[in-house]
Amino acid sequence: MTGPAGPLTLPQIEAQALAVLERASDAKVIAIQTRTKAAWPDAIKLSGRPFRLRWCESPLMAREALSSLEEGADEQAGAGLIVLTPLSARDLGGDVVARLARAQVFQPDAWGMVQQLFKAREVDARLGRFRWMAQLLVERSSMGAYPPVPNGFLDMDTAWRHVLGRCLSLQAAKPDAAMLLNWSLGADSAGYFEALPDQAKAPIAAWFGDSAGAVGGLVMCCVMAGNTQDAVPLGLVCGVVLSAQGEGVHELAAAAIRLERFMGDKRIGIAEGRAWAKDAARCLKTLTPALRHEVIERAEWLLRELHVDAYAHLSDVLPLGLEQRLALLADALKAFIAGPATAQLQVIEGATDSVTRHAHADPTSTRMLRVNMAVRLCRWMMAERPDSKGSSGRQASGFAELAQGYAHQGAFVDWARFKLLGGDELPGLSSAFVALRDAARIKAEAFNQSFAKALQVWNREPRAEPACMPVEAIVERFLAPLAKQSPVLLLVADGLSYPIFRELFEDLETQGWDEQVTCAPMTLAVGIAALPTITEVSRTSLLSGRLVVGAAAQEKSAFATHPALVGASRAGTKPVLFHKGDLSDAEGLSSTVRDAIASTQQQVVAVVYNAVDDHLSGSNQIQVRWTIDDLRLLGPLLGEARRARRVVVVTADHGHVIDDGTVQRGQGEGDRWRLPSGTPDASELLFEGGRVRTPSGDAVVCTWSEGVRHGAKKNGYHGGASAQEVVVPLSVFTPRNMVLKGWQVAAAPQPDWWAPLEAALPAGGPETPVLPKKPPKAKPLAAPTPQIDLFAGTLPEASPDPAVNWIDALQASPAYAAQKALAARVAPSDADVRSLLEALAARGGKLSKAALAQRLGMPAMRISGFVNAARRVLNLDQAAVLVLDETAATVELNRELLGRQFRVTVR
């Protein structure tokens, strides 16, 4: 190989001299040929010896340098000389050459020097065409010695790894697209590439195209065009411009052409651009928050520069896209409220799916909670429309049925609508939430009026039964029988409304608890507060076991001496009640309370927990999410009870209504009640006798409308006769796998409309559906399953599949019988399999685990085990007929595959 055209660099000189010293360690004079002079130092040190550097462009200059070396020999023993000259050995003369190491002028051999640097005996022959690489490896040897190569062979990948590592700070021989994208964001990356020799840039770009595929080639186009740090933002832009949902849009096609100027006028193929977008989105997730923000800002600026920022909703990763998707959802919500229809609901479902798929849609955020609650309210409003009623629809009659309807349906409605309070940072979405709350409130008000009138009748002759249990009967009729079976903890959450109860205990199952219901008849027990629904009346009555007006001291005494509880307790240990002041000490939950719950002798323990009631008078500037972890002392209380294997009975003295634009009207003895005087107005009812107790007698005027109050404005109020205040939870929880005689594990409590009504997009459908400005016409939704209509009776039963006999054919097939035999005792009954198939078929083949549990009347915790057992029967030859996705918490039936596997016709 010939020497380089330009002057030798110092690393090249050092490498060549070291190669000579490797073979002749005592060499004193080394001559190296180089075309031109450069600014070299006067001396260097090699192998521990000093060497002078002298430029000698004539034989005379060479002789003078040699003479100087000899004259200074005594001053510096072992010193050497490196002669740098453009002359050949013949030009220097025989007397000079005779004094040179190995009697020659060394021609610089770049790969030879590299071979020496890596202690290699042989170099990969494919590297011969990369002379620029050899020069770079020699020059970058100044950054530190190279490690000797194994087996003495310098292969292609090793050479590339070192040249990329030392020149571009890329620590890989064949970087993939992810590495290249991350590298492009480095502050020095563009400078590293620009500093490369011109002859190295194109081969390196080609190498990256081979190692990182089409995306690597596109990244290098950005780099070559001087837009290195735009590689990731431009990839995100491709996710919009080249989106599958944007095909045929003229503005996007024009933007794709304008995008080429950032790529050195290179055209971006559709498949390559979409791959680039996916890799850029993955890269974005790995960045620090600050760098991610910069990249996103640049990508959104580029969209505006290309005049297609209005299509940002096609992106799953840009925040601007999420804002646009939320704006489209707001439009869909407003259209639905203006004229509820199945097609409009389907548009909302699609828009919500698109929002939840966005990378910035944090499923744990308050914003996404509100989005989900809004779509649930729309499902509920659609389900209870009069035109949804079938011939079996009937009006809810009787107070007990209305109370049960509120517990099963209305509490979830209130949970959803009150979560919309606070709105959203997008004004359009906030106004949609307000309109949705107003629409739901009209229906809730109508229900509350009917409920209060039914309560007025029931109050004259109240009956104690699990479906409608007066709070004063809870101790004798409910708590004492449980205490005879097992140690119990009565948790009285002051002011706990049914909506907050459902939110608060939503995740109790994951903490090792099962909710129980009575077996005969299988009924969800609910409590009914005394009137007025205030602590002095309702809580004292609950803990005393009789209607009475009192305070904490009276509650303690009455609870400890209640005959039914004393009869269920062990000899020498009375029932014990702890109030707010008893619960905590310096270590958190009081040791006295812990000891009482843990005691095997203490059969009955009760705790009054005031977090909810205290919140009603607190700040309305805080958005509260009711979780066990966030409520001080509640988690430790339940933890102690679980370890002690206690049955926990959760109830409340009364509920409350949330302040949502309430109006102060007149004056009263309480927030929502007053003593009789004058004629009750349209928002009030007079209650006399029965379960009414006040300090002045047994008559009271209570407000039923949630929009009215008598006192100063607060977070919430109680004392009235709305369902929110009167109906209270009365639920029994047992530690996992604990058996209670006469009780069984409750089915999932969520109503049918709590989960999506339609199956997800079929396989092969678009990943991100286009969100049109005008809602398209859609196929009607399947009718909902039977459920109590909160305001008008039961909802219609879903029509059976017209070809329902496919299940009969399936279960009669030889393949099904063989599968059951293989599954043996694990196989579920035919009736259970039928219920599973019908439930899935009614919703297009896919349901969430919670929705499936509700439809099958099965505890949510048992769904996974049941579905896995059914898979043993239905997944013939391990085909994915029935799929359980634990991550997404969904169950899906592939009816087409089922038909092929079992040779039955499934329509």
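Heads up: numbering here begins at 1 and tracks the sequence.
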- Does the pair Arg63 and Asp95 meet the rule for a salt bridge (charged side-chain N to carboxylate O under 4.0 Å, His left out), with working shown? CA-CA 9 Å; Arg63 292 186 180 97; Asp95 60 323; 2.7 Å; yes
- For Met368 and Ala361, work out which heavy atoms get closest and say how close. SD-CB, 3.6 Å
- Note on the structure: Taking every heavy atom of Leu181 against every heavy atom of Cys283, the minimum-distance pair comes out as CB-SG, 4.0 Å
- Item | From Ser211 atom OG to Ile204 atom CD1, the distance as rounded to the nearest 0.5 Å | 11.0 Å
- Item | More than 12 heavy atoms from other groups under 6.0 Å of CZ on Arg121 | no
- Query: Just wondering, do Leu893 and Val891 contact through their side chains at under 4.5 Å, heavy atoms?
  - Reply: no
- So do the side chains of Thr158 and Phe153 get within less than 4.5 Å of each other, counting heavy atoms only? no
- Verify whether one side chain among Glu886 and Ser864 offers a donor that lies under 3.5 Å from an acceptor in the other. yes
- For residues Leu180 and Leu170, determine if any side-chain heavy atom of one lies less than 4.5 Å from a side-chain heavy atom of the other. yes
- Task: Taking the side chain as every heavy atom from C-beta outward, state whether Arg161 and Lys174 have any pair of such atoms under 4.5 Å apart.
- Result: no
- Task: For the residue pair Ile296 and Pro233, establish whether any side-chain heavy-atom pair is separated by less than 4.5 Å.
- Result: no
- Item | Rounded distance (nearest 0.5 Å) linking atom OG of Ser141 with atom CD of Gln116 | 11.5 Å
- Note on the structure: d(Leu53 CG, Leu84 CG) to nearest 0.5 Å is 5.0 Å
- Kindly indicate, with the supporting measurements, whether the criterion side chain to side chain contact (heavy atoms under 4.5 Å, CB included) is fulfilled by Leu66 and Leu81. CA-CA 8 Å; Leu66 290 171; Leu81 174 67; 4.0 Å; yes
- Message: Does the plane of the ring in Trp40 sit parallel, tilted or perpendicular to the ring in Trp55? Use 30° and 60° as the thresholds.
- Response: tilted
- Val29 and Arg99: side chain to side chain contact (heavy atoms under 4.5 Å, CB included), yes or no, with the steps? CA-CA 7 Å; Val29 182; Arg99 298 161 69 181; 5.5 Å; no
- In this structure, are over 12 heavy atoms from other groups packed under 6.0 Å from Glu260 atom CD? yes
- Message: Quick check against the 3.5 Å criterion: does Asp176 have a side-chain atom that pairs as donor or acceptor with the backbone of Met179?
- Response: yes
- Query: With a 4.5 Å heavy-atom cut-off, do Leu87 and Pro59 have their side chains touching?
  - Reply: yes
- Message: Give me the atom names and distance for the closest heavy-atom approach of Ser88 to Val105.
- Response: C-CG2, 4.3 Å
- Is any side-chain N of the basic residue among Arg367 and Glu425 closer than 4.0 Å to the acidic one's carboxylate O? yes
- Query: Are the side chain of Arg871 and the backbone N or O of Gln878 linked by a donor-acceptor pair below 3.5 Å?
  - Reply: no
- Message: Checking the side chain of His162 only, and the main-chain atoms of Asp157 only, is there a donor and an acceptor separated by less than 3.5 Å?
- Response: no
- Task: Would you please say whether a donor-acceptor pair under 3.5 Å links the side chains of Asp353 and Thr356?
- Result: no
- Task: May I ask you to decide if the ring planes of Trp183 and Phe208 are parallel, tilted or perpendicular, using 30° and 60° as cut-offs?
- Result: tilted
- Task: Measure from the side-chain N and O atoms of Ser68 to the backbone N and O of Glu64, and report whether any donor-acceptor pair falls under 3.5 Å.
- Result: yes
- Rounded to the nearest 0.5 Å, the CD1 atom of Ile44 sits from the CZ atom of Arg52 at a distance of 13.5 Å
- Checking side chain to side chain contact (heavy atoms under 4.5 Å, CB included) for the pair Leu259/Cys238: CA distance, chi angles, key distance, verdict? CA-CA 9 Å; Leu259 194 61; Cys238 282; 3.8 Å; yes
- Message: For the backbone of Leu154 and the side chain of Asp124, can you confirm whether one donor and one acceptor N or O come within less than 3.5 Å of each other?
- Response: no
- Item | Pair Lys278 + Glu272: basic N to acidic O under 4.0 Å | no
- Interatomic spacing from CG in Leu320 to CD in Glu297 - rounded to 0.5 Å: 12.0 Å
- Side-chain touch Thr890/Lys846, heavy atoms, less than 4.5 angstrom: yes
- Counting only heavy atoms not in Lys201, do more than 12 fall under 6.0 Å of its NZ? yes
- Between Arg274 and Glu247, is the closest basic N to carboxylate O distance under 4.0 Å? yes
- Message: Rounded to the nearest 0.5 Å, what separates atom CG in Asp198 from atom CH2 in Trp132?
- Response: 12.5 Å
- Message: If you compare all heavy atoms of Ser184 against all heavy atoms of Val232, which two are closest, and at what distance to 0.1 Å?
- Response: OG-CG2, 4.0 Å
- Message: For the CG atom on Asp210, are there more than 12 heavy atoms of other groups (residues, nucleotides or ligands in this structure) within a distance under 6.0 Å?
- Response: yes
- Do Lys45 and Glu14 sit within salt-bridge range, that is, some charged N less than 4.0 Å from a carboxylate O? no
- Kindly say whether Ser315 contributes a backbone atom to a donor-acceptor pair with the side chain of Arg325 at under 3.5 angstrom? yes
- Would you call Asn182 and Leu287 a side-chain contact if the rule is heavy atoms closer than 4.5 Å? yes
- Would you call Arg900-Glu896 a salt bridge at under 4.0 Å N-O? yes
- Query: What's the shortest heavy-atom distance between Val241 and Leu252, and which atoms?
  - Reply: CG1-O, 3.4 Å
- Task: Please indicate whether Arg267 has more than 12 foreign heavy atoms, meaning atoms of other residues, nucleotides or ligands, lying under 6.0 Å from its CZ.
- Result: no
- With no hydrogens and no angle check, is any side-chain donor or acceptor of Arg895 less than 3.5 Å from a backbone partner on Val881? no
- Message: Main chain of Leu882, side chain of Asn875: is a donor-acceptor contact present, judged purely on distance under 3.5 Å?
- Response: yes
- Task: Verify salt bridge (charged side-chain N to carboxylate O under 4.0 Å, His left out) between Arg357 and Asp316, making sure each step is shown before the conclusion.
- Result: CA-CA 7 Å; Arg357 279 198 307 275; Asp316 283 334; 5.2 Å; no
- Do Arg140's NZ or CZ and the ring of Tyr146 fall within the cation-pi criteria of under 6.0 Å and 45°? no
- Message: Quick check against the 3.5 Å criterion: does Arg131 have a side-chain atom that pairs as donor or acceptor with the backbone of Gly128?
- Response: no
- Query: Minimum heavy-atom separation for Ala177 to Ala212, with atom names?
  - Reply: N-CB, 3.6 Å
- Query: Checking side chain to side chain contact (heavy atoms under 4.5 Å, CB included) for the pair Lys28/Phe51: CA distance, chi angles, key distance, verdict?
  - Reply: CA-CA 8 Å; Lys28 289 187 177 182; Phe51 281 82; over 6 Å; no
- Is the backbone N or O of Leu897 less than 3.5 Å from a side-chain atom of Asn894, with the two atoms forming a donor-acceptor pair by type? yes
